[in-house]
*Asks:* 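Here it is, the structure, as structure tokens.
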Amino acid sequence: MLELSFLRENVELVVERLTIKRMDARETIKKILDADLNRRETQAQLDNNLAESNQIAREVGNLFKEGKQDQANELKARSAELKIISRELNEKLEALQKEQNDLLVTLPNIPRADTPEGYLAEHNLTIYSEGEMPALPENPLPHWELTSKYDIIDFELGVKLTGAGFPVYKGQGARLQRALINFFVNEATEAGYLEIQPPLMVNEASAYATGQLPDKDSQMYYVGLDGFYLIPTAEVPVTNIYRDLMLKETDFPIKNVAYSQCFRREAGSYGKDVRGLNRLHQFDKVEIVQIQHPDNSYAALEDMRAHVTSLVRKLELPFRVLRLCGGDMSFTSALTYDFEVFSAAQKRWLEVSSVSNFESFQANRMKLRFKDSNGKTRLAHTLNGSALALPRIVAALLENNQTPEGIRIPKALVPYTGFEWIK
RNA sequence: GGAGAGGUGGCCGAGUUGGUCGAUGGCGCACGCCUGGAAAGUGUGUAUACCCCAAAAGGGUAUCAUGGGUUCGAAUCCCAUCCUCUCCGCCA
């Protein structure tokens with residue numbers, strides 16, 4: 001969430017920037033600042049009351065020691081009064097804090113000033129593209145037909161075991177999954193990321209800190225008996241490693257990579273977009289996370305973008321990089337690049353990575369701070385990106401590389417798959 | 001899952017017949033003295049959040065796992081929750 005102190009001093013800036021995310025925040029901000037003013041006043045009153053109570057308690061103690069029971073009892077009466085007042089003030093304070101906080105968490109992160117305007121996918125700015133459109137054989141098959149033709153991914157079987165969106169990978173399909181995971185994790189490790197294997201379930205505090213709660217709880221699977229959430233991305237547990245930490249400036253940069261299965265309910269999704277591997281409830285993803293000094297976070301973002309670029313390039317997939325427009329950016333992001341690969345048989349661009357700088361938005365919520373060189377406490381910046389999400393990569397690989405002889409595996413992957421062709 | 005013990009500041013560790021305890025002490029860390037330099041020794045300092053103050057200085061409040069309760073007053077008493085350890089059971 002946004003920092004209150006920043007909001008106080010930059011109302012116009014915040015209002016203006018949030019219009020890029022198509023939000024009129026003026027009313028909300030006014031309410032927040034009103035509550036804030038009220039809160040501070042209440043806090044001061046409460047503190048004064050408690051100070052007097054503490055003073056009385058000390059005096060009562062001394063009077064008892066001196067054996068002056070009568071005087072002590074007089075003071076007790078005053079103390080009782082103060083207690084009632086303090087209780088009321090405290091209730092008021094908590095209500096104001098809640099009001100303020102509830103409003104504050106509804107404000108999205110402010111996007112960078114140069115964020116493209118717009119709210120539709122076509123308003124996103126294509127800032128880079130690379131690779132040639134593959135020459136497909138006659139009557140190319142979409143991946144959901146290729147998977148059954150070669151018996152490598154079984155969607156029907158997944159329905160039997162669990163439900164739609166939980167495919168079963170078999171034989172060369174399973175091996176391809178494992179190969180991609182190892183390839184991605186190795187590439188990241190070589191780029192200086194520390195490998196992490198996180199829990200696949202997190203508690204409420206973790207889900208809140210990275211912003212899945214309170215507004216996106218319907219997108220997560222919930223294990224009610226224990227109060228856990230299945231992670232929608234490794235970003236959640238990995239970023240939460242740093243929750244409530246006070247870092248030293250010398251701890252930067254922190255670079256982590258994690259492979260995890262991801263679980264998403266995808267409530268409200270249907271139709272063509274969800275066909276085959278395009279949208280699943282359970283899928284594999286390798287995620288990179290960086291915790292950075294604020295001065296370096298945008299350099300880190302470019303670094304991550306370069307890393308993802310090298311991955312798609314090595315997989316020989318035609319891809320493009322989009323700078324997301326305000327309306328298409330996530331709630332928590334200040335700047336997001338999306339990577340899309342072209343899946344030739346579907347003739348569609350598929351999003352395979354989203355690389356974002358959250359600046360201090362997540363850090364504020366999770367109290368991730370550091371001491372700067374002046375000894376001042378400041379919020380760190382958090383960033384993350386997919387590197388990469390598997391299913392759509394697999395979809396594009398299968399469709400683009402199909403030949404009458406089978407499906408060709410890109411060179412970079414062969415050491416990991418152990419085969420050059422899916423047949 | 002059953003029985004027992006326990007959760008104190010960056011770490012270790014006092015304090016649990018309630019009373020200036022945000023908390024003795026040690027380690028670590030920072031700065032200074034000592035030294036040619038270092039070690040040892042020695043001195044000072046060393047939590048976080050919020051509020052008051054234009055700011056600094058200074059002051060107030062809260063925090064001894066978390067949340068509630070008793071009391072004029074709680075790290076210390078009571079209740080609930082979470083977590084850790086030991087033993088037993090179960091188990092990849």
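In this text, all values refer to a predicted model and were calculated from it rather than measured experimentally.
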*Asks:* With a 3.5 angstrom cut-off on both distances, give the Watson-Crick or G-U wobble partner of B:U48, or none if there isn't one.
*Replies:* B:A62
*Asks:* Can you tell me, in whole Å, how much space there is between the P of B:G22 and that of B:A62?
*Replies:* 9 Å
*Asks:* Taking A:Arg408's backbone N and O only, do any of them form a donor-acceptor pair with A:Asn401's side chain (distance below 3.5 Å, no angle check)?
*Replies:* yes
*Asks:* Determine the Euclidean distance between corresponding C1' atoms of B:A23 and B:C12; express it in Å to zero decimal places.
*Replies:* 16 Å
*Asks:* Quick test of your reading: applying salt bridge (Lys or Arg N to Asp or Glu O under 4.0 Å), list the pairs with at least one residue in residues 226-248 of chain A, sequence neighbours left out, ordered by first then second residue.
*Replies:* none
*Asks:* Decide whether a cation-pi geometry holds between A:Arg313 and A:Phe319; the criteria are a distance under 6.0 Å from NZ or CZ to the six-membered ring centre and an angle within 45° of the ring axis.
*Replies:* no
*Asks:* Kindly write out the residues that satisfy side-chain contact (heavy atoms from CB on, under 4.5 Å) with A:Glu204, not counting sequence neighbours, or none if the list is empty.
*Replies:* A:Leu213, A:Tyr229
*Asks:* Taking only the P atom of each, what is the distance from B:U70 to B:C78 in whole angstrom?
*Replies:* 15 Å
*Asks:* Can you pull out every salt bridge (Lys or Arg N to Asp or Glu O under 4.0 Å) where at least one residue sits in residues 80-94 of chain A? Sequence neighbours excluded, please.
*Replies:* A:Arg78-A:Glu81
*Asks:* Check ring pair (Phe, Tyr, Trp, His ring centres under 6.0 Å) between A:Tyr298 and all other residues, then give those that pass, not counting sequence neighbours.
*Replies:* none
*Asks:* Could you give the start and end, 5' to 3', of the contact zone on RNA chain B for chain A, using atoms under 4.0 Å from its heavy atoms?
*Replies:* B:G19 to B:G73
*Asks:* Determine the Euclidean distance between corresponding C1' atoms of B:G9 and B:U46; express it in Å to zero decimal places.
*Replies:* 11 Å
*Asks:* Starting from the 5' end of RNA chain B, give me the residue, A:Ser79 or A:Ala44, whose nearest nucleotide shows up first.
*Replies:* A:Ala44
*Asks:* Pick the closest RNA chain B nucleotide for A:Asp47 and for A:Leu4 by heavy atoms, then say which residue is nearer the 5' end.
*Replies:* A:Leu4
*Asks:* Considering every strand and a 4.0 Å limit on heavy-atom distances, what is the contact class for A:Lys371: base, sugar-phosphate, or nothing?
*Replies:* sugar-phosphate
*Asks:* Both distances below 3.5 Å, Watson-Crick or wobble geometry, any strand: find the nucleotide opposite B:A57.
*Replies:* none
*Asks:* Using purine N1 to pyrimidine N3 plus N6-O4 or O6-N4 for Watson-Crick, or N1-O2 and O6-N3 for G-U wobble, each under 3.5 Å, what pairs with B:C31?
*Replies:* B:G43
*Asks:* Distance check, C1' atoms only: B:U84 and B:C27, in whole angstrom units.
*Replies:* 23 Å
*Asks:* Quick one: list whatever passes ring pair (Phe, Tyr, Trp, His ring centres under 6.0 Å) with A:Phe331, sequence neighbours left out.
*Replies:* A:Phe361
*Asks:* Just to verify, what does A:Glu99 make a salt bridge (Lys or Arg N to Asp or Glu O under 4.0 Å) with, not counting sequence neighbours?
*Replies:* none
*Asks:* Please give the distance between the P atoms of B:G68 and B:C53 as a whole number of Å.
*Replies:* 29 Å
*Asks:* What is the base-pairing partner of B:A3, counting Watson-Crick and G-U wobble geometry with both distances under 3.5 Å?
*Replies:* B:U86
*Asks:* Partner lookup for B:G36, please. Criteria are Watson-Crick or G-U wobble with both distances under 3.5 angstrom; report none if nothing qualifies.
*Replies:* none
*Asks:* Sequence neighbours left out, what passes ring pair (Phe, Tyr, Trp, His ring centres under 6.0 Å) with A:Tyr119? Give chain and number order.
*Replies:* A:His123
*Asks:* Checking base pairs now: Watson-Crick or wobble, both atom distances under 3.5 Å. What partners B:U24?
*Replies:* none
*Asks:* Within residues 48-62 of chain A, find the residues that approach RNA chain B with a heavy atom at under 4.0 Å, and present them sorted by residue number.
*Replies:* A:Leu50, A:Ala51, A:Asn54, A:Ala57, A:Val60, A:Gly61
*Asks:* Return the set of residues passing side-chain contact (heavy atoms from CB on, under 4.5 Å) with A:Thr377 (not counting sequence neighbours), or none when no residue passes.
*Replies:* A:Met246, A:Arg369, A:Lys371
*Asks:* For residues 28-37 of chain A, which residues have at least one heavy atom under 4.0 Å from RNA chain B?
*Replies:* none
*Asks:* For B:A47 and B:G28, measure between their C1' atoms and round to the nearest Å.
*Replies:* 15 Å
*Asks:* What is the base-pairing partner of B:G15, counting Watson-Crick and G-U wobble geometry with both distances under 3.5 Å?
*Replies:* B:U8
*Asks:* Who pairs with A:Tyr193 by ring pair (Phe, Tyr, Trp, His ring centres under 6.0 Å), at least two apart in sequence or on another chain?
*Replies:* A:His307
*Asks:* Just to be sure I understand the rule, does A:Arg39 reach a base, reach only the sugar-phosphate, or reach nothing, if contact means heavy atoms closer than 4.0 Å?
*Replies:* sugar-phosphate
*Asks:* If you measure from the Lys or Arg side-chain nitrogens to the Asp or Glu carboxylate oxygens, is any gap between A:Arg365 and A:Glu3 under 4.0 Å?
*Replies:* no
*Asks:* Mind checking the P distance from B:U24 to B:C31? Whole angstroms is fine.
*Replies:* 24 Å
*Asks:* Applying the Watson-Crick and G-U wobble criteria at under 3.5 Å, what pairs with B:U70? Answer none if nothing qualifies.
*Replies:* none
*Asks:* Using modelled atom types only, decide if a donor and an acceptor are shared between the side chain of A:Asp151 and the backbone of A:Ser148 within a distance under 3.5 Å.
*Replies:* no
